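Please read the structure below before turning to the comments.
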Amino acid sequence: MTGGPVQSIDGTPQCPVCPGGEQSFMVRANEYDVWRCSVCRSAYVPGLKSNEDLAAMYADAYHGATTGYFTKIDKKMRRARGRIKQLRRFMPCGRFLDIGCNGGFVVEAAREAGYDAWGVEVDGVSLNYAREHYPENGYYHGLVETFAPKEGFDLIYSSEVIEHVPEVRAFVAAITRLLNPGGHVYLTTPDISHWRRPKDIFKWDGFCPPVHVTYFTPESLRGLLENQGLEFIKKSWAFKPGMKIIARRPD
């Protein structure tokens, strides 16, 4: 796999989301330059290492599975069950995959709902928690780009993950590869164009280079999905500056 966004001959970065047009410097934050594409309006941090290298940033991200989501597991499980209930109308049964499954909460909710449930996670500590507490599910430690199961999936879930990825085309190509024909994918990510995003981008909690490295608009994410062979189905309304997208692999 190649590294992050490539540079043109004159040193200007190229958009990681679309083939791109003119690229312009946007702002400098946390000692990183953020650029913006004139075509798809995505913002991004250029020149970062590959997906594999950045995965090392998330090793033991929750301090022995004791912080973050792991301090409110009951609440997390209630939300996971509610989300799966909503998604069942798109794909009521079959094989389920959570990309960026953390402690396995959504994977377990999917199993409870009758799916053959799997999770992919780069943080080995979080994945060990999932394996210990929800052992009836399948798990893969590593990047989704290197995941090669014997069967595809009917429903793929990936919430607040794609914004961490420098090589977003490879990420979405892996989703397309893993989806069975007719299968659906559910993605959530911050929305840099959302009407409630603070005008001063430094006041937006979704803006945190280099933890979040790619900042989408709904149009740019739709274009990325369609360019990788997926069919856009719908975008749900979101009060907070984020987006919830459903797409489908054509039959």
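Start at 1 with the first residue, then count along the sequence. Only a predicted model underlies this, so the values are computations on that prediction, with no experimental measurement involved.
- Residues Phe90 and Tyr186 are not in side-chain contact: their nearest non-hydrogen atoms beyond the backbone lie 4.5 Å or more apart.
- Hydrophobic cluster membership differs between Tyr115 and Trp118, with clusters built from Ile, Leu, Val, Met, Phe, Trp and Tyr side chains linked at under 4.5 angstrom.
- In this structure, Ser193 and Pro218 have side chains that are in contact, with non-hydrogen atoms separated by less than 4.5 Å.
- Residues Leu178 and Pro149 form a side-chain contact, since some pair of their non-hydrogen atoms from C-beta on lies under 4.5 Å apart.
- A distance of 12.0 Å separates CE of Met243 from OG of Ser236, quoted to the nearest 0.5 Å.
- By the 30° and 60° cut-offs, the orientation of the rings of Phe207 relative to Phe202 is perpendicular.
- Contact annotation: the side chain of Tyr32 never approaches that of Val213 to less than 4.5 Å [non-hydrogen atoms, C-beta and beyond].
- For the atom pair CD1 of Ile233 and CD1 of Ile245, the computed distance is 11.0 Å after rounding to the nearest 0.5 Å.
- Annotation for Pro13 and Pro46: closest pair CB-CB, 3.5 Å, computed over non-hydrogen atoms.
- Val168 and Val120 fall within the same hydrophobic cluster, defined by Ile, Leu, Val, Met, Phe, Trp and Tyr side-chain heavy atoms under 4.5 Å apart, directly or through other members.
- Asp98 places no side-chain N or O within 3.5 Å of a backbone atom of Gly119 that could act as its donor or acceptor partner.
- Because its NZ or CZ atom is not both nearer than 6.0 Å to the ring centre of Phe96 and within 45° of the ring axis, Arg111 does not count as a cation-pi partner of that residue.
- Listed here is the closest heavy atom pair of Gly152 and Asn180: CA-OD1, 3.2 Å.
- Contact annotation: the side chain of Leu225 approaches that of Leu187 to within less than 4.5 Å [non-hydrogen atoms, C-beta and beyond].
- Minimum interatomic distance between Trp204 and Pro190 (heavy atoms only, all atoms of both residues): CZ2-CB, 3.6 Å.
- For the residue pair Thr189 and Glu163, a side-chain donor N or O sits within less than 3.5 Å of a side-chain acceptor on the partner.
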Open item on the list: Between Arg36 and Ile192, is the side-chain contact (heavy atoms from CB on, under 4.5 Å) condition met? List the steps.
Closed with: CA-CA 11 Å; Arg36 195 154 199 182; Ile192 195 171; 3.6 Å; yes

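- For the atom pair Arg249 CZ and Asp251 CG, the distance stands at 10.0 Å (nearest 0.5 Å).
- Linking ILVMFWY side-chain heavy atoms closer than 4.5 Å, directly or via other members, places Tyr157 and Leu224 in two distinct hydrophobic clusters.
- Distance alone, capped at 3.5 Å, places no donor-acceptor pair between the His141 side chain and the Asp123 backbone.
- A distance of 9.0 Å separates CG in Leu97 from CG in Leu179, rounded to the nearest 0.5 Å.
- Without hydrogens or angle criteria, Gln23 side chain to Gly21 main chain gives a donor-acceptor distance under 3.5 Å.
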Task: Check against side-chain contact (heavy atoms from CB on, under 4.5 Å), Phe232 and Glu226 - done: CA-CA 7 Å; Phe232 179 87; Glu226 291 177 343; 3.7 Å; yes

TODO: Test Asn128 against Glu132 for side-chain contact (heavy atoms from CB on, under 4.5 Å), laying out the working first.
DONE: CA-CA 6 Å; Asn128 286 339; Glu132 178 183 351; over 6 Å; no

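- Under a 3.5 Å cut-off, the side chain of His194 and the backbone N or O of Ala238 do form a donor-acceptor pair.
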Task: side-chain contact (heavy atoms from CB on, under 4.5 Å) between Arg169 and Gln228, worked out - done: CA-CA 7 Å; Arg169 293 183 215 172; Gln228 294 298 331; 3.7 Å; yes

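- No side-chain donor from either of Tyr134 and Glu112 sits under 3.5 Å from a side-chain acceptor of the other.
- Residues Met91 and Gly182 approach most closely at CE-O, 3.3 Å, considering heavy atoms.
- Arg79 CZ: 12 or fewer foreign heavy atoms inside a 6.0 Å radius.
- Linking Ile, Leu, Val, Met, Phe, Trp and Tyr whenever their side-chain heavy atoms come within less than 4.5 Å puts Val17 and Val185 in one cluster.
- At a threshold of 4.5 Å between non-hydrogen side-chain atoms, the residues Arg41 and Ser220 do not count as touching.
- Residues Arg197 and Asp191 have side chains not in contact (no heavy-atom distance under 4.5 Å, counting atoms from C-beta outward).
- Scanning both residues, Gly229 and Pro250, for their nearest heavy atoms gives O-CD, 3.3 Å.
- Note on Val39 and Val45: separate hydrophobic clusters, where clusters join Ile, Leu, Val, Met, Phe, Trp and Tyr whose side-chain heavy atoms are under 4.5 Å apart, directly or indirectly.
- With values rounded to the nearest 0.5 angstrom, Glu145 atom CD is found 7.0 Å from Glu167 atom CD.
- Using a 4.5 Å heavy-atom cutoff, the side chains of Phe147 and Ile99 are not in contact.
- Phe153 CZ to Asp116 CG: the interatomic distance, rounded to the nearest 0.5 Å, is 7.5 Å.
- Using a distance-only test at 3.5 Å, with no hydrogens or angles considered, no donor-acceptor pair links the side chain of His184 to the main chain of Ile246.
- Each of Glu160, Arg83, Lys244 was scored for a side chain to side chain donor-acceptor pair (under 3.5 Å) with Thr188, with one residue passing: Glu160.
- Counting only distance, with no hydrogens or angles, the side chain of His133 and the backbone of Tyr129 share a donor-acceptor pair below 3.5 Å.
- Side-chain atoms of Arg89 never come within 3.5 Å of backbone atoms of Pro92 as a donor-acceptor pair (strictly under, hydrogens ignored).
- Around CZ of Phe25, the count of heavy atoms belonging to other residues, nucleotides or ligands within 6.0 Å exceeds 12.
- The backbone N or O of Phe216 sits nowhere less than 3.5 Å from a side-chain atom of Ser42 that would complete a donor-acceptor pair.
- The two residues Cys93 and Asp154 come nearest to each other via the heavy atoms O-CB, 4.2 Å.
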